[in-house]
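No hydrogens, no waters, no symmetry mates; every other heavy atom, side chains included, goes into these values. Sequence lines set the chain letters: A, B, ... in the order given, protein chains first and strands last, and positions in each chain run from 1.
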Protein chains: 12
Amino acid sequence: MDKNPFRRDNYLMSNHTYKKIELVGSSTKSIEDAVQNAVAQAAATEKNLRWLEVVETRAHLEEGKVAHWQVTVKIGATIGA
Amino acid sequence: MDKNPFRRDNYLMSNHTYKKIELVGSSTKSIEDAVQNAVAQAAATEKNLRWLEVVETRAHLEEGKVAHWQVTVKIGATIGA
Amino acid sequence: MDKNPFRRDNYLMSNHTYKKIELVGSSTKSIEDAVQNAVAQAAATEKNLRWLEVVETRAHLEEGKVAHWQVTVKIGATIGA
Amino acid sequence: MDKNPFRRDNYLMSNHTYKKIELVGSSTKSIEDAVQNAVAQAAATEKNLRWLEVVETRAHLEEGKVAHWQVTVKIGATIGA
Amino acid sequence: MDKNPFRRDNYLMSNHTYKKIELVGSSTKSIEDAVQNAVAQAAATEKNLRWLEVVETRAHLEEGKVAHWQVTVKIGATIGA
Amino acid sequence: MDKNPFRRDNYLMSNHTYKKIELVGSSTKSIEDAVQNAVAQAAATEKNLRWLEVVETRAHLEEGKVAHWQVTVKIGATIGA
Amino acid sequence: MDKNPFRRDNYLMSNHTYKKIELVGSSTKSIEDAVQNAVAQAAATEKNLRWLEVVETRAHLEEGKVAHWQVTVKIGATIGA
Amino acid sequence: MDKNPFRRDNYLMSNHTYKKIELVGSSTKSIEDAVQNAVAQAAATEKNLRWLEVVETRAHLEEGKVAHWQVTVKIGATIGA
Amino acid sequence: MDKNPFRRDNYLMSNHTYKKIELVGSSTKSIEDAVQNAVAQAAATEKNLRWLEVVETRAHLEEGKVAHWQVTVKIGATIGA
Amino acid sequence: MDKNPFRRDNYLMSNHTYKKIELVGSSTKSIEDAVQNAVAQAAATEKNLRWLEVVETRAHLEEGKVAHWQVTVKIGATIGA
Amino acid sequence: MDKNPFRRDNYLMSNHTYKKIELVGSSTKSIEDAVQNAVAQAAATEKNLRWLEVVETRAHLEEGKVAHWQVTVKIGATIGA
Amino acid sequence: MDKNPFRRDNYLMSNHTYKKIELVGSSTKSIEDAVQNAVAQAAATEKNLRWLEVVETRAHLEEGKVAHWQVTVKIGATIGA
């Protein structure tokens with residue numbers, strides 16, 4: 001398939017297995033920031049994070065405003081690499 | 001459960017009932033801003049807004065660009081409090 | 001975005017918020033008529049109805065035939081206009 | 001249940017419209033009790049409640065146990081009767 | 001519809017069980033007619049049909065037009081009555 | 001796979017086929033009791049019932065209370081055994 | 001499988017590939033008419049239309065009535081035939 | 001539509017009704033084989049099987065391997081033909 | 001937002017991340033008890049359990065009765081606290 | 001786009017048909033920017049883009065951070081206008 | 001993000017847009033072969049095919065057996081590359 | 001039903017709890033092989049794997065062909081046994 005020897009670590013190689021973990025990140029700033037917080041937390045204990053899928057977006061409200069965003073993501077990480 | 005007397009108004013207390021209302025907010029700026037506009041509108045007539053769930057994100061297009069975002073949310077508010 | 005003063009009532013303007021209400025209309029005649037009955041009922045108390053989405057179609061059966069149709073719709077109406 | 005032998009106003013008659021409202025009831029005891037609490041709250045302001053559909057079941061946890069159940073229901077009520 | 005003024009066997013009584021069968025009816029005329037054809041077929045072998053839910057609407061196309069509608073329904077019927 | 005000869009009748013053996021039937025049970029008492037009523041009814045005509053999946057939970061309301069629960073289940077039964 | 005030589009053009013033959021295109025048709029008359037309008041439009045540029053699946057039914061409301069129906073369909077057409 | 005008289009038994013004719021039955025087939029070999037086993041079982045009691053839809057794919061695991069596949073299918077069969 | 005210093009440990013604070021784990025609990029008694037068993041098992045290895053969502057309810061049948069309930073839940077727990 | 005200042009018959013007119021195309025846009029900046037990139041690409045070959053629906057939000061991760069957002073949208077465009 | 005200059009053509013680069021097309025492939029042999037047939041057909045007119053998602057698996061039955069598999073896939077292809 | 005004392009370890013016993021983990025396996029050969037690879041990886045660190053559910057089937061394409069299959073599964077394993 002790919003003849004380029006430099007792409008050995010491509011996470012789409014056929015002999016890889018990935019696990020998916022589900023996290024909820026939060027942020028007072030934005031949806032993107034809540035996701036980044038979840039990823040940062042995952043990166044503290046898992047290496048080889050590859051992709052994520054946003055599963056659900058919620059927010060906590062206070063005094064008639066969004067106080068912080070709560071975004072649920074599934075993060076895919078290579079295992080057995 | 002929680003012995004702390006200061007958390008009486010915690011919206012997760014067991015004797016509360018919530019209603020959920022569904023709104024569509026819009027904004028030319030961002031998804032977050034469209035949500036905030038929906039919440040602000042809800043806050044004008046409902047008190048005790050607690051949380052929201054984003055249900056659907058759409059946009060109206062003009063001249064090949066997003067003209068404004070339209071975000072459907074379900075907002076939870078305490079009733080009978 | 002649209003500077004045209006004639007489009008003031010366009011329900012897709014960016015500074016609008018909509019609420020969605022869920023109704024079940026019924027009719028012995030057709031699915032469309034059941035929907036129209038739900039809309040007519042909504043129009044009796046709400047103004048500025050804009051669109052609807054059919055959520056579910058059911059029917060009540062009697063003597064081996066459809067006796068009447070029961071159609072659940074979500075109706076969007078402008079608020080704060 | 002229905003003491004009226006003629007039951008002309010049976011909620012499945014073809015000329016009725018129903019609205020559906022979404023509530024979250026809670027209870028420390030059981031899922032059924034959380035639902036009953038939501039129905040009781042609805043009955044305080046709405047008459048002619050007819051049926052409900054359980055939409056989601058969640059629970060709040062404290063000290064490694066379910067502290068209370070939170071059940072989201074959609075309740076159907078006759079309007080225009 | 002129901003000529004029996006006493007209606008003791010109302011299909012919503014608490015001691016009833018229902019089965020649900022899934023059929024696909026078809027018609028060259030309309031969606032409603034396709035549903036009625038499925039119900040008529042069910043009524044030929046089952047008695048006590050009570051309600052139906054439309055599950056899916058498809059159509060077979062020929063020469064750039066709908067040749068006939070194919071509507072999948074779930075039909076509920078009392079058993080053990 | 002399983003070398004234990006005593007587990008021959010395990011309902012997960014590879015040479016089995018199951019059918020799934022969909023029933024709605026009801027009860028004035030609880031969700032569990034409504035399910036048990038559906039299972040009892042199925043057991044009257046089907047043998048070899050193996051498992052069930054709860055598909056939907058509804059309730060019929062009267063006088064502002066749950067009058068009875070209506071629970072839809074899919075029941076799996078061995079065939080060709 | 002099918003020994004009948006006259007059914008060569010059956011659209012369910014094993015060596016066919018189909019593409020699915022998604023359209024929204026509209027009509028002031030009925031759901032079926034909105035679907036037919038979408039099919040007619042597809043037929044203007046695509047040949048070999050075979051089947052459709054109704055994906056979503058919406059309506060635009062004006063003056064408290066359905067002004068026109070908007071039905072989203074997926075249409076399957078033979079390619080490579 | 002189809003002028004060919006030999007296609008009388010085409011299962012897409014407009015005056016047909018189909019029933020759908022739900023089965024779970026299993027196989028130690030493959031997903032396709034599990035489906036074929038479900039179809040073979042259905043064919044033992046039903047004639048005029050026309051199509052199937054795969055609903056769910058599961059597997060039973062033993063000693064860290066797939067011991068057999070369990071595939072749920074809905075099978076459509078002509079009735080009243 | 002919340003000025004009350006005593007609510008520092010509120011699990012909805014903006015700087016928290018949660019993980020969600022999926023468990024299946026079982027019980028011969030009730031749906032609620034099956035959930036409690038799953039929570040108890042989670043509490044043995046995880047601290048800071050906060051909430052759960054019921055994902056699926058199944059039951060194992062024996063002799064025409066529910067032998068035990070099997071309830072799948074997603075449990076949310078604070079991490080990085 | 002539309003030079004007609006009266007536009008009473010805006011894009012929701014009953015005699016319009018729309019097609020929906022599905023695209024994935026990406027951006028290192030934000031979810032909104034990824035959507036705008038997909039719309040810009042669509043505008044290069046399609047005219048009369050009208051609305052979009054966000055279908056899925058994913059992200060590619062590198063070195064424990066979101067490297068870029070990948071947002072799937074369905075874009076509606078007038079055809080036959 | 002990726003400093004490796006050799007991975008320029010990685011299909012996950014941030015400045016790419018993809019379109020998704022929906023096809024149904026068929027085969028008498030296997031689910032995988034039906035997918036490959038759909039991909040081969042797509043490759044005849046589109047270049048830069050990148051990934052696919054299986055959307056639905058059906059089969060046409062004849063004489064109590066699967067005659068051929070029909071698998072619906074969504075195929076992603078780079079555009080504007 | 002089963003009086004056989006040798007089935008003590010049946011994974012459906014009422015006093016068991018299971019966890020579900022989500023993995024993506026890949027293979028150049030087949031869907032089944034991709035699943036087996038995911039299971040083998042899970043078996044390297046978890047014991048008592050019991051069943052799996054296929055959640056999603058995707059494929060990576062190269063040069064107009066499926067290069068490898070990527071199958072997401074949820075695997076259930078006994079805990080606390």
(request) Identify the two heavy atoms, one from F/Thr17 and one from H/Asn37, that lie closest to each other, and give their separation to 0.1 Å. (result)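 Between these two residues, the closest heavy atoms are OG1-O, 4.0 Å.
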(request) Nearest 0.5 Å please: distance from the OG1 atom of H/Thr45 over to the NZ atom of F/Lys19. (result)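 Output value for this atom pair is 8.0 Å.
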(request) Please confirm whether the backbone N or O of F/His16 pairs with a side-chain atom of H/Ser26, one donor and one acceptor, at under 3.5 Å? (result)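 Yes.
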